[in-house]
Trainee: 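Sharing a structure, written as structure tokens. Questions coming.
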Amino acid sequence: MASQEISKIHFYTITWAVNNFSYCWQKKGEALASPSFFFNKGEETKWKLLLFPRGRIDDDYTLCLRRENDCEAVENENVRYNIKILAANGSILHICESRYSSDEVTIERGLFSREARKYLPQDILTLRCRITFVGKEPEIRQLFARTIINVENMSFQWSIEKFSNFTPEEIKTFVIKSTSKDVMMKINLFLTEAQYSMSNIFMNICPVAQCVKYFTVRTFILNSKNSKVDSGEFKCWFDSGKWFDNGTFPLKFTKKNLMNNFYSPSDVLTLIFELTISTGLAFEGVEKIVSMHTSLTPNEVTQSWRNYNALENISDSSCALTTDLMSLYKEQSLCDMKLQTKTNIFPVHTVILGARSPVFRAMFSSEMKEKISGCVDVSDLDDETVRRLLLYFYTDKLEDLKWNVTIQLYKAADKYSVISLKERCSLFLNRNLHVENACEALILSDLHEDKDLKITAQNCILSNATEILKSEEWKLLVNTYSKLAIETMSRNWIQD
């Protein structure tokens with residue numbers, strides 16, 4: 001390229017975000033491809049970025065630029081590229097050195113695991129590839145693409161009666177269904193052939209639906225005080241009709257240990273599962289194109305794009321659906337349930353609430369008092385919070401967020417396990433932290449097990465310690481949540 005005239009050297013940038021990156025299902029040697037792109041409209045030559053989430057040969061992440069449909073490297077000395085990893089604010093975290101289009105770049109896997117909150121904010125990996133080439137000047141300067149891994153979050157409880165009679169010859173089975181009532185997976189519980197009470201307990205997860213690609217599951221035992229006790233976290237992915245890894249996992253406790261410490265006097269063992277299933281791609285495509293004439297810097301354009309997508313991005317294809325659902329809610333047509341606060345009643349549709357919240361779904365799927373009476377008591381929520389919660393349920397919209405309003409909505413989202421709403425509220429709180437509200441955010445994040453918000457609040461407190469440690473808010477936190485205060489101050493000396 002050094003021999004080429006400088007006037008013929010041009011630049012092109014593609015910024016690619018991968019939502020729910022932790023739930024990529026590709027095995028080693030398999031790539032996740034970006035949406036295709038080209039330098040000029042009407043060009044036949046298209047390009048794409050390839051990302052190997054579990055490495056191509058070794059375990060490190062592998063990235064490369066390829067012509068579309070080319071499996072092997074393409075020799076082209078006129079095209080070079082480098083790739084940068086971006087933070088949530090669009091700043092550059094890491095640069096992979098410039099390469100020819102035939103080369104690959106690697107990123108150390110440990111980089112993400114050590115600093116996941118920085119490199120994967122909200123579990124979104126954002127890459128910017130700058131391509132330098134010789135040829136016709138591009139009509140498009142910057143392109144913004146997104147790939148969204150579809151993820152289903154489920155939480156459910158399994159009670160096993162007459163647990164003391166459970167023998168190695170038996171298998172207990174629990175069926176996991178999707179929101180559409182289709183069977184997705186089955187969990188089999190069995191004992192090893194050890195001495196009767198010393199048998200280890202194993203869990204085997206069998207896939208049923210072909211859409212299941214990858215999953216993680218956290219397991220808990222409910223003890224006699226109705227507290228959750230960790231029993232292990234497992235993950236596996238699906239390939240050609242079977243699990244690529246062995247889908248059998250040991251729980252942390254033997255049968256004897258459970259009988260002595262955890263199961264209820266009525267001879268019932270209660271297991272709790274928190275399951276996250278990756279079912280393929282929910283979306284992939286180009287979201288924004290910036291032509292060669294723009295007054296914004298690359299970082300400003302990137303930040304504008306990220307903010308837009310994080311808080312309020314409804315595609316054109318979903319606008320009609322959103323309008324229709326909102327009309328259904330406003331007209332109170334076909335409502336079959338009510339939410340009752342201390343001062344108001346909100347007519348709703350069980351099918352909408354059940355689709356948006358696993359808590360409501362469980363409530364309406366069994367003969368609980370709410371289903372029988374046709375009314376759900378939500379007197380712990382104020383009218384404004386319920387109104388905003390329903391607006392999100394029916395339209396996926398958040399409007400005119402303020403700090404105190406968002407906190408109440410955040411609590412409601414956590415109570416009813418609306419993960420997407422909780423994450424969006426958490427993102428707003430993260431972005432609006434300051435010295436006056438950092439202590440409040442810290443307490444909130446600790447109570448609701450929000451690691452990202454908690455770390456941001458702790459960092460804000462430590463960065464402004466001179467001012468915050470003199471405040472009444474800090475004194476109240478020390479008196480009421482002394483363990484949390486000690487943990488926060490320890491971050492100055494103990495690496496997270």
Side-chain angles (χ1 to χ4, degrees), residues 20 22-30 53-55 59 109 113 149-178 182-223 228-264 267-280 358:
N20 300 321
S22 298
Y23 297 96
C24 290
W25 64 88
Q26 288 78 11
K27 306 186 299 294
K28 183 180 290 187
E30 294 181 348
R54 290 177 175 82
D59 290 334
R109 177 171 296 275
S113 59
I149 309 297
N150 193 52
V151 169
E152 283 199 40
N153 293 287
M154 301 179 181
S155 179
F156 48 87
Q157 184 171 299
W158 182 14
S159 295
I160 301 174
E161 299 181 352
K162 298 181 180 180
F163 179 68
S164 61
N165 295 332
F166 189 25
T167 67
E169 291 76 29
E170 293 180 86
I171 296 179
K172 303 288 186 181
T173 301
F174 186 90
V175 176
I176 302 171
K177 295 183 178 180
S178 67
D182 295 326
V183 176
M184 298 188 74
M185 300 193 301
K186 294 182 179 180
I187 297 179
N188 295 319
L189 209 68
F190 61 93
L191 303 176
T192 57
E193 294 283 352
Q195 185 178 351
Y196 178 62
S197 62
M198 296 302 293
S199 296
N200 291 312
I201 301 177
F202 280 80
M203 176 179 69
N204 173 257
I205 300 184
C206 303
V208 176
Q210 292 295 318
C211 65
V212 177
K213 304 289 186 181
Y214 175 80
F215 81 90
T216 63
V217 59
R218 296 181 65 191
T219 61
F220 303 89
I221 305 293
L222 200 64
N223 65 17
K228 295 194 303 184
V229 180
D230 178 47
S231 185
E233 181 172 0
F234 316 103
K235 59 184 178 181
C236 196
W237 65 89
F238 189 61
D239 179 52
S240 302
K242 62 181 180 180
W243 290 119
F244 182 73
D245 281 346
N246 186 358
T248 301
F249 314 100
L251 300 185
K252 289 184 176 180
F253 307 102
T254 64
K255 180 180 177 182
K256 181 179 180 179
N257 186 263
L258 290 175
M259 291 178 63
N260 289 342
N261 298 287
F262 295 115
Y263 86 111
S264 71
D267 200 10
V268 176
L269 173 68
T270 301
L271 299 168
I272 295 175
F273 299 89
E274 294 179 359
L275 186 66
T276 302
I277 303 174
S278 171
T279 57

Trainee: If we check side-chain contact (heavy atoms from CB on, under 4.5 Å) with Phe215, which of these qualifies: Val151, Ile277, Thr276?
Mentor: Ile277
Trainee: Could you state the interatomic distance from CG (Leu271) to CG (Leu251), rounded to the nearest 0.5 Å?
Mentor: 6.5 Å
Trainee: Determine the minimum heavy-atom distance between Cys236 and Phe249, stating which atoms define it.
Mentor: CB-CZ, 4.0 Å
Trainee: Taking side chain to side chain donor-acceptor pair (under 3.5 Å) as the test, write out the residues that go with Lys186, two or more places apart.
Mentor: none
Trainee: So, using side chain to side chain donor-acceptor pair (under 3.5 Å) as the criterion, who are the partners of Thr279 when residues are at least two apart?
Mentor: Asn150
Trainee: By side chain to side chain contact (heavy atoms under 4.5 Å, CB included), which residues pair with Gln157, not counting sequence neighbours?
Mentor: Ser159, Thr270, Ile272
Trainee: Mind checking the CZ-CD1 spacing from Phe273 to Ile176? Nearest 0.5 Å is all I need.
Mentor: 7.5 Å
Trainee: Measuring from Phe202:CZ to Leu191:CG, what's the distance to the nearest 0.5 Å?
Mentor: 10.0 Å
Trainee: Does Ile221 offer a backbone N or O that forms a donor-acceptor pair with the side chain of Ser231 under 3.5 Å?
Mentor: no
Trainee: How long is the span from the CG atom in Asn200 to the OG1 atom in Thr192, to the nearest 0.5 Å?
Mentor: 4.5 Å
Trainee: Counting only N and O atoms by type, is there a donor-acceptor contact under 3.5 Å from the side chain of Arg54 to the main-chain atoms of Cys24?
Mentor: yes
Trainee: Can you find a pair of side-chain heavy atoms, one from Leu189 and one from Phe174, that are under 4.5 Å apart?
Mentor: no
Trainee: What is the distance from atom CZ of Phe156 to atom CD1 of Ile187, rounded to the nearest 0.5 Å?
Mentor: 4.5 Å
Trainee: If every non-hydrogen atom of Asn20 is compared with every non-hydrogen atom of Ile149, which pair is closest and at what distance?
Mentor: ND2-O, 2.7 Å
Trainee: Apply salt bridge (charged side-chain N to carboxylate O under 4.0 Å, His left out) to Glu274 and list each qualifying residue two or more places apart in sequence or on a separate chain.
Mentor: Arg218, Lys228
Trainee: Under the side chain to side chain donor-acceptor pair (under 3.5 Å) test, which residues partner Thr173, sequence neighbours left out?
Mentor: Asn188
Trainee: Who pairs with Ser22 by side chain to side chain donor-acceptor pair (under 3.5 Å), at least two apart in sequence or on another chain?
Mentor: Asp123
Trainee: With side-chain contact (heavy atoms from CB on, under 4.5 Å) as the test, pick out the partner of Val217 among Lys235, Met203, Glu233.
Mentor: Met203
Trainee: So, do Phe220 and Asp230 sit near enough that their side-chain heavy atoms are less than 4.5 Å apart?
Mentor: yes
Trainee: Is a side-chain N or O of Lys255 found less than 3.5 angstrom from the main chain of Phe166, in a donor-acceptor match?
Mentor: yes
Trainee: Which atoms form the tightest heavy-atom contact between Thr248 and Phe190, and what is the distance?
Mentor: CG2-CZ, 3.9 Å
Trainee: For the side chain of Ser278 and the backbone of Trp25, is there at least one donor-acceptor N/O pair under 3.5 Å apart?
Mentor: no
Trainee: I need the Phe253 CZ to Thr219 OG1 distance, nearest 0.5 Å.
Mentor: 8.5 Å
